[in-house]
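Here's the structure, in structure tokens; my notes come after.
The structure displayed is predicted, hence computed values, not measured ones. Numbered from 1 within each chain, the chains take letters A, B, ... in sequence-line order.
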There are 2 protein chains.
Amino acid sequence: MAATIKDVAKQAGVSTATVSRVINNDKHIAPDTRERVLRIISDLNYTVNNVARSLKINRTHTVGLITPAIAEDFFMQVAQGAETVLRKEGYTPIICNSNEELEEETARIRLLLEQQTDGVIIIPATNRGEHFDMLTSNHIPYVLVDRVVDETKADAVLVDNINGAYEATEYLINRGYRRFGFLGGDIEHQSNARERFVGFKRALEDYKIELEEDLLKYGDFHERSGYELIGSFLNNDRAPEVVFISNYYMYVGAVKYLIRNKDTMKQPVYLASFDDMAFSEVNGLPSLNIAQPIQEIGMEAARLLLSRIRGEELPYPQIRRLKTRLVHHNT
Amino acid sequence: MAATIKDVAKQAGVSTATVSRVINNDKHIAPDTRERVLRIISDLNYTVNNVARSLKINRTHTVGLITPAIAEDFFMQVAQGAETVLRKEGYTPIICNSNEELEEETARIRLLLEQQTDGVIIIPATNRGEHFDMLTSNHIPYVLVDRVVDETKADAVLVDNINGAYEATEYLINRGYRRFGFLGGDIEHQSNARERFVGFKRALEDYKIELEEDLLKYGDFHERSGYELIGSFLNNDRAPEVVFISNYYMYVGAVKYLIRNKDTMKQPVYLASFDDMAFSEVNGLPSLNIAQPIQEIGMEAARLLLSRIRGEELPYPQIRRLKTRLVHHNT
DNA sequence: GAAAAAATTGTAATCGTTTCCACAAAAACA
DNA sequence: TGTTTTTGTGGAAACGATTACAATTTTTTC
């Protein structure tokens, strides 16, 4: 139904080869043929069929992006960053949702393989990575984002979690805080949760500050666990002066708890937390936030992936760590 | 490099036709050949090449989704809803970003045309719609979401804005509020802004409540305008008791203003606003929110589009309006 | 003005599938 | 047993582009 290259060729009285050359800006074409062909193209409203082209040239100029959740701020900002650079380089991202499930992640990889994407950016849902081998064995480059399974294996774009946590903690210490609470993630299985804990602890050690075991709680980086855990700290005589929260969603949960219970709260608690996103400012509570350059993470991941796709020579693996930044709210 | 259907055929000692039949679950195939072929497929780690398949069958099982902004809550919830039903039906969404720009929206449509998507879901960035004709003339079905250019022309999934605004206003009236402020959008050019205003005004009229001209302000549905406009209402003796805000982002702006200036505020103002998203609860201010079934909008759009793709007989155009729901926060 | 070089165009194979058509073998029927 | 029907399989032509190679025309060079 839609016009094909053949229709254009016939109308213009040339071969499809010539039309193809015009489309692809081949230099060796006579100016007047080029012009004639272009006119017919616009007359017929012809657009190139990318699926045919992709089949022939064996590249699709598409890149898969697997995220644990569409519709979550952090992931979509990464996606936005990636989209910006991919688009500029003529690539189309295909955003997929793993729903924080290993099997879905695997299924999406399979899908992207079928779709012949030229590369994949993955924000891993779990700490498993065997299924990435499917990509390797098909020679599809991929880049991990935000967390990593095994640092020696795959390209990754991360944030300097250790340093970010250290700086924030150090800042708090210098401001005179001594009694710390800590709300972390799964330090067993999640690289970023672990690193943030390390940075936090190292700062306390360097400044010889005691860390009480019962002021140390581990959740799962979800809002609910922040909401539930923060409560257990408060309203007793051993409450911390400041709580270090190592993830944004747990921070949101904690904030919600504090807002809901502000009338019964004995004393204010200061919050320090990873990430600086929408909520961090609007909730009205004073806090120290460790801002990740989220969009930049996505952009860097896209850049790295494109280098791989283009076959540029880079040692394996590339681990890029971006710097965090401290932000103050409502103080 | 990757195994093709030919490799499988050769290994299994059958023709590519047979392999294809196995892949596509053709009924007329001998059980033992099927089994043999399946074994080879798994041995060779074969995956079908969808770009070749798409070329042949002239369908890609992909659907474009054009949104004015990736990384904005509302749009991504729509996307999430759409993704859920598309995925279940074997379709892959390609999410594109128009950046709230007409030209980019046009460019994305052109891209999706080249990619041969089977249909497109569009959250329009502007009130222009001529470029949608490119889709029509290529026989690609499309569905508009959230706002509409001309109701008589294209399929659309919307929300019953008039009724939603009316109900909320009526509720406020019944609660005794009489002095209303209104923060709206561009009622000239944006269908949803207009409809919400109509519902609001109609309720006031029905209850014979005066609407003062200088308590009526129009912004642009962005945070900044909410922030700036709310201030002009307050701190004078003619301040409204309640402000009806017809968009979430303006609401967020207003909330930020109120939080920042809470110390200098003479009297509290109650907010009523369209949408009920992340901020609505956490900001701590009491408010009445008009919740749209955002994910459901995306799901319905996907369902409608799939009906069109499948060629089901439905009168043109289909305009589906979903109901809103009132939600109370911090009261 | 002829030979060589450069520029322009066409022919046809190819990418990896699907599917129409033909056909052989097996099953059902008489 | 011979005929018809059913079942399973293969051959080969598409789908719409790109591109190596060849062929032709034009330009340059001496």
Side-chain angles (χ1 to χ4, degrees), chain A residues 1-38 40-41 44-62 90 111 113-118 138-140, chain B residues 1-38 40-41 44-62 90 111 113-118 138-140:
Chain A
M1 200 123 285
T4 74
I5 201 172
K6 268 189 211 157
D7 303 323
V8 176
K10 193 180 299 178
Q11 278 279 321
V14 296
S15 72
T16 62
T18 302
V19 178
S20 176
R21 290 192 185 99
V22 171
I23 295 167
N24 295 291
N25 275 311
D26 192 301
K27 54 224 87 194
H28 296 304
I29 210 122
D32 50 332
T33 15
R34 154 164 293 131
E35 206 172 314
R36 184 156 35 98
V37 168
L38 285 176
I40 305 289
I41 282 178
L44 296 186
N45 249 308
Y46 168 80
T47 52
V48 68
N49 181 326
N50 264 339
V51 358
R53 164 182 282 169
S54 295
L55 175 61
K56 183 61 193 156
I57 69 177
N58 201 26
R59 275 173 306 137
T60 56
H61 292 276
T62 58
L111 172 82
L113 241 24
E114 289 182 358
Q115 300 288 41
Q116 315 292 120
T117 53
D118 296 342
N138 283 67
H139 304 95
I140 305 298
Chain B
M1 200 122 286
T4 73
I5 201 173
K6 269 189 209 158
D7 303 321
V8 176
K10 194 180 298 178
Q11 279 279 323
V14 297
S15 72
T16 62
T18 301
V19 177
S20 177
R21 289 193 186 99
V22 171
I23 295 168
N24 295 291
N25 275 311
D26 193 302
K27 55 223 86 194
H28 296 303
I29 209 123
D32 50 332
T33 16
R34 151 163 293 130
E35 206 171 314
R36 183 156 37 99
V37 169
L38 284 176
I40 305 289
I41 283 178
L44 296 187
N45 248 311
Y46 167 81
T47 53
V48 68
N49 181 325
N50 264 339
V51 359
R53 165 183 281 170
S54 295
L55 176 60
K56 184 59 193 165
I57 68 176
N58 200 27
R59 273 172 308 135
T60 56
H61 292 276
T62 59
L111 171 82
L113 242 24
E114 289 182 359
Q115 301 287 44
Q116 316 292 120
T117 52
D118 296 342
N138 283 67
H139 304 95
I140 306 296

Just how far, in rounded Å, is [atom2] of [N] from [atom1] of [X]?
X: A/Ile5; N: C/dT9; atom1: CD1; atom2: C1'; answer: 14 Å
X: B/Asp7; N: C/dT17; atom1: CG; atom2: C1'; answer: 13 Å
X: A/Lys27; N: C/dA7; atom1: NZ; atom2: P; answer: 12 Å
X: B/Lys10; N: C/dT17; atom1: NZ; atom2: C1'; answer: 17 Å
X: A/Ile23; N: D/dA17; atom1: CD1; atom2: P; answer: 7 Å
X: A/Ile29; N: D/dT26; atom1: CD1; atom2: C1'; answer: 16 Å
X: B/His28; N: C/dA24; atom1: NE2; atom2: C1'; answer: 16 Å
X: A/Glu35; N: C/dT9; atom1: CD; atom2: P; answer: 13 Å

With a cut-off of less than 4.0 Å, is there a side-chain N or O of [X] near OP1 or OP2 of [N]?
X: B/Thr16; N: D/dG10; result: no
X: A/Asn49; N: D/dC15; result: no
X: B/Ser54; N: D/dC15; result: no
X: A/Thr4; N: D/dG16; result: no

Which value, rounded to the nearest 0.5 Å, describes the distance between [X] atom [atom1] and [Y] atom [atom2]?
X: A/Ser54; Y: A/Asn49; atom1: OG; atom2: CG; value: 8.5 Å
X: B/Thr47; Y: B/Asn45; atom1: OG1; atom2: CG; value: 8.0 Å
X: A/Asn25; Y: A/Arg34; atom1: CG; atom2: CZ; value: 5.5 Å
X: A/His61; Y: B/Gln115; atom1: NE2; atom2: CD; value: 10.0 Å

Quiz item: Which residue, B/Ala52 or B/Asp26, contacts DNA chain D at a nucleotide closer to its 5' end, judged by nearest heavy atom?
Solution: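 Checking each residue's closest nucleotide, the 5'-ward one belongs to B/Asp26.
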Quiz item: Taking for each residue the nucleotide of DNA chain C bearing the nearest heavy atom, is the 5' side occupied by B/Val51 or by B/Thr18?
Solution: B/Val51
Practice problem: Note down the inter-axis angle between the two ends of the helix from C/dG1-D/dC30 to C/dA30-D/dT1, five pairs each, to the nearest 10°. | Solution: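 About 30° separates the two local helix axes.
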Taking any heavy-atom pair under 4.0 Å as a contact, classify [X]: base, sugar-phosphate, or nothing.
X: A/Asn50; result: nothing
X: A/Ser20; result: base
X: B/Leu55; result: base
X: A/Val19; result: nothing
X: B/Asn58; result: nothing
X: B/Ala17; result: base

Where the side chain of [X] is concerned, which of [options] is the nearest nucleotide?
X: A/Lys6; options: C/dT9, C/dT18, D/dC15; answer: D/dC15
X: A/Arg21; options: C/dC21, C/dG10, C/dA7; answer: C/dG10
X: A/Lys56; options: D/dG16, D/dC15, C/dT8; answer: D/dG16

Short side-chain to backbone donor-acceptor contact, [X] and [Y], under 3.5 Å:
X: B/Asp26; Y: B/His28; value: yes
X: B/Asp118; Y: B/Thr60; value: yes
X: B/Asn24; Y: B/Arg21; value: no

Quiz item: Tell me, do A/Arg53 and B/Val51 make a side-chain contact under 4.5 Å, heavy atoms counted?
Solution: no
